[in-house]
Protein chains: 2
Amino acid sequence: MVSPNDPAYPNLPATSWAVLGMLTHSEPLTGYDAKKWADWSIGFFYWSPSISQVYAELKKLESLGLAESRVVTQAGERDRREYAITELGTRAARDWSREAPVEAPVLKHGVMLRLWMGHLNKPEELKAIVRAHIENIEGQRAQAALRAEHSRAEPGWAFPTMSLTWATRYFDAELDLARALLDDIDEAARQLATVKHKDGLGNPVPIEPGRWRAIEDFLED
Amino acid sequence: MVSPNDPAYPNLPATSWAVLGMLTHSEPLTGYDAKKWADWSIGFFYWSPSISQVYAELKKLESLGLAESRVVTQAGERDRREYAITELGTRAARDWSREAPVEAPVLKHGVMLRLWMGHLNKPEELKAIVRAHIENIEGQRAQAALRAEHSRAEPGWAFPTMSLTWATRYFDAELDLARALLDDIDEAARQLATVKHKDGLGNPVPIEPGRWRAIEDFLED
DNA sequence: GTGTACATGTAATCCGTTACATGATTCC
DNA sequence: GGAATCATGTAACGGATTACATGTACAC
């Protein structure tokens with residue numbers, strides 16, 4: 001039984017909507033094409049899929065009636081399976097993108113995790129990690145900027161272009177934050193020096209920072 | 001056979017190192033405590049775990065000799081299993097955080113994914129999504145700032161404090177970017193209007209934006 | 001002849017979640 | 001009396017990856 005407040009779109013992971021979204025943008029795509037486009041664009045802010053997952057997602061969308069496929073045979077070429085969005089799929093994509101609950105972005109920042117346990121290593125080593133991170137991000141920033149430029153020239157791609165522009169600015173912000181960390185690391189190390197001792201390996205570790213249980217009341221918010 | 005270039009730490013997902021990292025910071029923790037601390041701090045930039053995974057990770061760390069546990073019985077309280085890091089674990093955590101390859105952060109930005117397919121809906125509806133997103137992030141920002149403040153007062157927590165400060169700035173940047181989107185959406189919609197037609201539902205969709213395959217040479221970078 | 005791009009898929013596995021099961025204590 | 005917190009775990013499942021299998025065309 002469908003209540004009047006049930007969503008007008010099937011319950012699928014955002015990843016499936018990403019694939020369907022690609023189909024709303026273009027003429028029929030093969031799995032191979034979808035993988036390339038996702039890497040080129042969506043990968044900066046949501047998803048850079050494995051090729052096998054793309055094929056699986058397309059198959060699933062078709063089984064749900066949101067997409068349909070046909071096999072294209074051409075002389076001197078391997079057969080390709082081209083997927084196109086259906087009317088049902090277009091409506092579902094539209095409804096999902098308008099009505100889905102707004103969820104906070106999810107970040108997995110491995111570099112920050114390592115800095116979180118920065119008391120385990122010397123400041124110079126931590127800063128080397130951050131410098132390598134900055135180089136990484138500079139590369140990604142340049143790539144996003146170039147792609148935004150290319151995308152801008154493509155009629156109908158105003159929103160993908162906006163996303164790439166956003167990604168470029170996002171990397172700029174990430175670079176600012178990372179550069180600030182270079183000083184923050186020294187400051188934190190100085191701070192820790194006032195409470196540290198030396199362990200068996202001669203590296204700084206904090207003295208009994210106090211048990212979580214004992215201080216949790218203080219930390220409530 | 002171990003080659004001289006093999007890493008000095010076992011090959012584990014970053015998540016396991018996060019749990020071990022908590023153990024480097026404090027006296028013995030229960031799974032329940034670890035979950036709370038992770039949510040309170042690491043969740044902003046890496047990981048907000050399910051409680052069942054925390055228990056599983058701790059068990060795994062113990063089986064690898066990186067942590068050890070004992071059951072604590074207290075009158076009038078349920079038994080608790082407290083985990084402490086071992087010497088081997090401390091060395092492994094130190095080596096991992098210093099030597100692991102620097103990987104780019106992974107972002108899953110559902111809101112941006114929906115804007116990427118913004119041609120499916122009206123600009124006002126897209127802006128409503130962004131406004132809800134801004135409210136979300138303002139809340140997270142406030143929380144991170146408060147926690148950074150609390151953390152700062154705790155001796156030995158200089159690096160966790162630095163991470164929370166970073167998270168606060170990160171949310172500030174995210175807010176700047178989101179606010180800029182409110183104008184960018186109108187601009188993109190105006191841009192699209194020059195190439196759009198009306199579909200059966202009266203909503204704007206782009207006309208044949210050109211097939212991915214046909215333009216990919218142009219987009220190489 | 002070697003590598004890369006095109007092209008599609010299956011199988012095994014991993015990481016992590018949700019659902020479930022259990023039970024004491026404390027606060028309203 | 002009921003909800004929330006403390007506290008620990010198992011089982012089932014889902015989302016996504018890597019490894020594997022296969023084969024053509026084209027450039028160097």
Please check the phosphate of [N] (OP1 and OP2 only) for any side-chain N or O of [X] closer than 4.0 Å.
X: A:Y55; N: C:dG9; value: no
X: A:R81; N: C:dT8; value: no
X: B:K59; N: D:dT10; value: yes

Touch class at under 4.0 angstrom, heavy-atom based, for [X] against every strand present:
X: B:S69; answer: nothing
X: A:S16; answer: nothing
X: A:T15; answer: sugar-phosphate

Find the distance [X]:[atom1] to [N]:[atom2] and express it as a whole number of Å.
X: B:D33; N: D:dG9; atom1: CG; atom2: P; answer: 13 Å
X: B:I51; N: D:dA11; atom1: CD1; atom2: P; answer: 18 Å
X: B:R80; N: C:dT25; atom1: CZ; atom2: P; answer: 14 Å
X: B:Q74; N: C:dT26; atom1: CD; atom2: C1'; answer: 16 Å
X: A:K35; N: D:dA16; atom1: NZ; atom2: C1'; answer: 12 Å
X: B:W47; N: C:dC15; atom1: CH2; atom2: C1'; answer: 11 Å
X: A:K36; N: C:dA7; atom1: NZ; atom2: P; answer: 8 Å
X: A:L29; N: C:dA7; atom1: CG; atom2: P; answer: 12 Å

Presence of salt bridge, [Y] and [X], under 4.0 angstrom:
X: A:D39; Y: A:K35; value: yes
X: A:R152; Y: A:E149; value: no
X: A:D184; Y: A:K127; value: no

When the aromatic ring centroids of B:W47 and B:W40 are compared, is their separation below 6.0 Å? no
What about B:R78: does its side chain form a donor-acceptor pair under 3.5 Å with the base of C:dA24? no
B:S52 (side chain) and C:dT18 (base): donor-acceptor pair under 3.5 Å: yes
I'd like to know if the side chain of A:H109 pairs up with that of A:E174 as donor and acceptor (distance under 3.5 Å, no hydrogens or angles considered). yes
Report the nucleotide, chosen from D:dC6, C:dT17, D:dA16, that has the shortest atom-to-atom distance to any side-chain atom of A:E57. D:dA16
